[in-house]
Every structure is written in C-alpha cells, then in structure tokens.
Chemist: 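To start, I am sharing the structure in question, which I have written as structure tokens.
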2 protein chains.
Amino acid sequence: MTDGPHKLTTTRVAERAGVSVGTMYQYFPHKQALIYALNERYLDALAGRIEATCAAHHGAPVAKGVEALIDVYWQAKTERPDLTRALYRSVADMDNRALIEAFATRTDFATTAMLSSATDASFADVNSINRTLVTVIFGAVRNAFERNLAGPVAEDVRAQLVVMCRAYLEASLSRPPARTSLSSTK
Amino acid sequence: MTDGPHKLTTTRVAERAGVSVGTMYQYFPHKQALIYALNERYLDALAGRIEATCAAHHGAPVAKGVEALIDVYWQAKTERPDLTRALYRSVADMDNRALIEAFATRTDFATTAMLSSATDASFADVNSINRTLVTVIFGAVRNAFERNLAGPVAEDVRAQLVVMCRAYLEASLSRPPARTSLSSTK
DNA sequence: CCTCAAACTGAATGATCCTTCATATAATGG
DNA sequence: CCATTATATGAAGGATCATTCAGTTTGAGG
C-alpha cells in the first residue's frame with residue numbers, strides 16, 4: 001500500500017489491494033469512505049504507538065519521555081515516505097475533522113498522562129504545555145519531512161527538536177528541581 | 001482571490017480574476033503554470049514580510065526577534081484562511097520543489113542574519129539553530145492552523161511557541177550572558 | 001453433480017475539468 | 001472610417017476518474 005506514482009484513484013487502490021474496483025465498492029460506499037478508512041487505520045496505529053510510548057515512560061524523567069515521543073512520531077512519518085505523502089495529500093481533499101479530532105484526543109490524553117506522571121518535574125498548566133508540545137512536535141516533523149532534508153541534516157533537526165522541547169519543559173517547571181536562569185520577559 | 005468553496009479550477013480562478021478561461025490561457029500555458037504563479041506570488045510576498053521583519057530586528061535582542069518572526073508568520077497564515085488552505089492544498093498537487101527551495105533560501109538567509117546580528121547572544125552553530133527554529137515555527141504554525149484551534153487556545157499556543165523558542169535559544173547560547181541550569185543529557 | 005447465494009469482475013456511464021479554437025470585440029494607425 | 005492586429009470569449013473536445021451493474025466465478029449444502 002506504499003503507493004508509488006501519484007494519485008490515489010479507486011482503481012489503483014483496488015489493484016493494490018488485489019481486488020477489482022467493483023469488489024471494493026462492495027465494502028465502501030464512496031471513495032471518501034475508502035480514504036477515510038485508510039486514514040483511520042493509519043491514525044489508529046499511530047495513536048497506538050504513541051500511547052505505548054507514553055505508557056512506557058510513565059514516571060520516567062520528562063526529558064526521556066519527550067525524546068521518545070519525538071522519536072516515534074518521526075519514525076512513523078519517515079519509515080514509509082510514500083504512504084505518508086499519499087495520506088497527507090488525501091487528507092487535503094476531504095472532511096477529516098472527526099478523524100483528526102479523535103486522534104488529537106487520544107494523543108493528548110496519552111501525552112498529558114506521561115507529562116503528569118513524571119517524577120522529576122511538575123507543571124503549572126499541563127494542558128497548555130502539552131498542547132504546545134504536541135503541536136510543535138507534530139508540526140515540525142511534518143515540515144521537516146516535507147522539506148526532504150538530507151540524512152545528516154534531518155538527523156540534526158531531530159536532535160535539536162529534542163533539545164528545544166527539553167529547554168521548553170525546563171523553563172516551564174512550576175517547582176524547579178534546579179534553579180532556572182530564565183530571563184522572564186526581559 | 002480568497003477562494004471560497006472548494007477546488008481551484010481553471011474556470012473558477014479565471015472568474016475570480018474577472019476574465020474568461022480562454023483569456024487566462026493566453027497568459028498561462030497550463031493550469032500548473034497558473035497555480036505555480038499564484039504560489040510564487042504568495043511566497044514572494046511572505047518572504048518579503050519575513051525579510052522586513054528580520055531586517056527590522058537586526059541588533060535587537062534575540063527574544064524580540066523570534067517573537068516578531070513568529071508573529072508575522074502566524075499572522076500571514078491566519079489573515080486569509082481560505083487562501084492559505086487553498087494554497088496548501090494546491091501545493092500537494094504539483095511539483096513545487098523549486099518554489100519551496102527559493103522560499104527556504106530567502107527565509108534562512110534573513111533569519112540567520114537576524115540571529116547573528118543579535119548583540120545579546122551568540123551561538124555556536126547558527127545554521128543548525130536557525131534551521132531548527134524555522135522548521136519548528138513554520139511547522140507548528142501550520143499545524144495549529146490546520147487544527148482550527150479556537151481563539152483563546154490558539155492565542156495560548158502562539159504565546160507558548162514564543163516561550164519555547166526563547167528557551168531553546170537561551171539553552172543554545174555559546175557564551176551565556178547568565179548562567180544556564182541545563183541538565184546536559186542526564 | 002446440481003442449486004442457490006454470496007462475492008467478484010471490468011466494461012459502460014456520467015460527471016468534472018483542463019484545454020482548444022472559431023468567432024467576436026477592442027485598439028491602433030493610416 | 002477602414003484595415004489590421006491584439007485581446008477576449010465560452011462552447012465543444014477530450015481525458016480522467018468515480019460509480020454502477022449485467023454477467024461470471026466461487027463455494028457451501030444437499
């Protein structure tokens with residue numbers, strides 16, 4: 001299903017799935033429903049991975065958790081570039097509000113839980129911080145992906161993204177375990 | 001040109017431009033060329049605004065500069081949501097490597113210059129930091145935009161994005177004006 | 001081996017949209 | 001005012017798909 005050439009046509013998807021167009025229409029009423037299902041499956045798997053990662057880092061230092069989060073997402077988007085691209089594109093052509101919403105909810109829940117459970121830090125407004133973190137990570141990864149950054153450069157961006165998120169968290173501690181040197185809004 | 005309903009068809013664009021399809025084909029050989037031109041114009045204007053912002057913050061504290069950068073970009077993407085959406089979408093349907101490339105080059109140049117010129121900070125690897133900053137900002141803004149965050153929430157994300165970038169810069173100073181409490185990779 | 005239903009097939013249909021071109025309108029200059 | 005050229009128009013041509021459906025294959029039960 002890691003489609004190659006270009007458009008996600010019904011015939012092409014059917015072929016790739018090893019059936020004829022007609023058969024496909026026995027399982028999905030529209031093309032939209034089909035694409036929706038593809039995205040649903042993808043997002044469901046992705047959410048699953050994220051949840052697993054977050055669960056695995058309950059109680060771990062936030063720094064570790066965020067890095068792990070960045071890694072799964074990065075990995076997920078990069079491991080099958082064609083699929084990623086095809087889905088990103090397909091999403092532009094239809095109303096996917098519900099899917100994105102569901103994904104965001106699951107994700108937010110998982111990441112918030114991870115952040116809150118960290119024993120080495122506590123944050124005043126976890127929701128705000130979490131929302132920002134997720135928005136930044138997902139956005140940055142997508143942007144990096146779409147810019148087709150070459151290997152080492154991509155790697156650098158990924159690493160720096162980790163640094164950035166950590167710096168943000170450290171700056172946002174409500175009861176800093178160490179002293180921060182943050183110049184408030186100088 | 002702030003297109004409303006959905007697809008960017010040749011007829012629709014022509015209408016919006018106040019001419020007939022035929023006339024349009026006297027100025028653009030393909031639809032592709034047309035869309036390309038639209039994007040070119042948009043990106044050119046955007047790059048211009050970014051350059052202006054950066055120029056206006058030469059020698060200013062980095063914190064100010066980054067905030068300004070975030071603001072222009074955010075503003076540019078939100079002020080005409082339909083246009084933004086239409087262009088994001090159109091970009092998925094064609095080879096726009098060259099445009100993105102050109103935009104990235106101009107942008108990188110401007111932001112790097114701004115960062116380097118700051119008198120209150122100096123960075124070891126400006127290129128890496130700049131690349132990361134730009135990727136994160138552009139990506140996060142897009143992501144926030146596409147999530148259709150409600151007014152106050154959006155505002156919060158924007159503000160937090162500023163906080164985050166500042167924290168990152170502070171953590172990346174090569175000769176810290178104050179002491180950093182950064183736990184290296186604990 | 002036969003029957004019937006379920007599942008499959010892919011050519012035909014119709015919609016949408018890019019592109020062309022025969023024709024009309026405007027502008028220029030003599 | 002006419003001739004000539006530049007510019008504009010939008011219906012028609014042709015491609016590409018999504019979607020349908022008449023007909024075929026498959027498989028279970030008898």
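In what follows, chains carry the letters A, B, and so on, assigned in the order in which the sequence lines appear, proteins first and then strands, with residues in each chain numbered from 1.
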Chemist: What nucleotide, of dA8(D), dT9(C), dT19(D), holds the atom closest to the side chain of S20(B)?
Modeler: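 Per side-chain heavy atoms of S20(B), the pick is dA8(D).
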Chemist: Starting at CG of D93(A) and ending at P of dT16(D), how long is that distance when rounded to a whole Å?
Modeler: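 Interatomic distance, CG of D93(A) to P of dT16(D): 19 Å.
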Chemist: What integer distance in Å separates L8(B):CG from dC18(C):P?
Modeler: 9 Å
Chemist: How many Å lie between CD on Q32(B) and P on dC17(C), as a whole number?
Modeler: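 Computing the Q32(B):CD to dC17(C):P distance gives 18 Å.
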Chemist: Is any side-chain N of the basic residue among E146(A) and R85(A) closer than 4.0 Å to the acidic one's carboxylate O?
Modeler: no
Chemist: Parallel, tilted or perpendicular for F138(B) and F103(B), by the 30°/60° rule?
Modeler: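 Answer is tilted, since the angle falls between 30° and 60°.
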Chemist: On a heavy-atom basis, which atom in S117(A) and which in H58(A) lie closest, and how many Å separate them?
Modeler: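 Residues S117(A) and H58(A), closest heavy atoms: OG-CA, 3.3 Å.
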Chemist: Is T10(B) close enough to dC18(C) that one of its side-chain N or O atoms is under 4.0 Å from OP1 or OP2 there?
Modeler: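 Yes, because at least one side-chain N or O of T10(B) sits under 4.0 Å from OP1 or OP2 of dC18(C).
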Chemist: CD of E15(A) versus P of dT9(C): gap in Å, rounded?
Modeler: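 So the two atoms are 11 Å apart, to the nearest Å.
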Chemist: Is any side-chain N of the basic residue among R131(A) and D108(A) closer than 4.0 Å to the acidic one's carboxylate O?
Modeler: no
Chemist: Between dC17(D), dT19(C), dC17(C), which nucleotide has the shortest distance from any of its atoms to the side chain of T9(B)?
Modeler: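 Of the options given, the side chain of T9(B) lies nearest dC17(C).
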Chemist: Under 4.0 Å between a Lys/Arg side-chain N and an Asp/Glu carboxylate O for E79(B) and R49(B)?
Modeler: yes
Chemist: Over how many whole Å does the gap from H30(B) atom NE2 to dT20(C) atom P extend?
Modeler: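 Atom-to-atom, H30(B) to dT20(C), this comes out as 10 Å.
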Chemist: List in numerical order all residues of residues 22-29 of chain B for which some heavy atom is under 4.0 Å away from an atom belonging to DNA chain D.
Modeler: G22(B), T23(B), Q26(B), Y27(B)
Chemist: Could you go step by step and tell me if K64(B) and E67(B) meet the salt bridge (charged side-chain N to carboxylate O under 4.0 Å, His left out) rule?
Modeler: CA-CA 5 Å; K64(B) 290 285 183 198; E67(B) 176 160 29; 5.4 Å; no
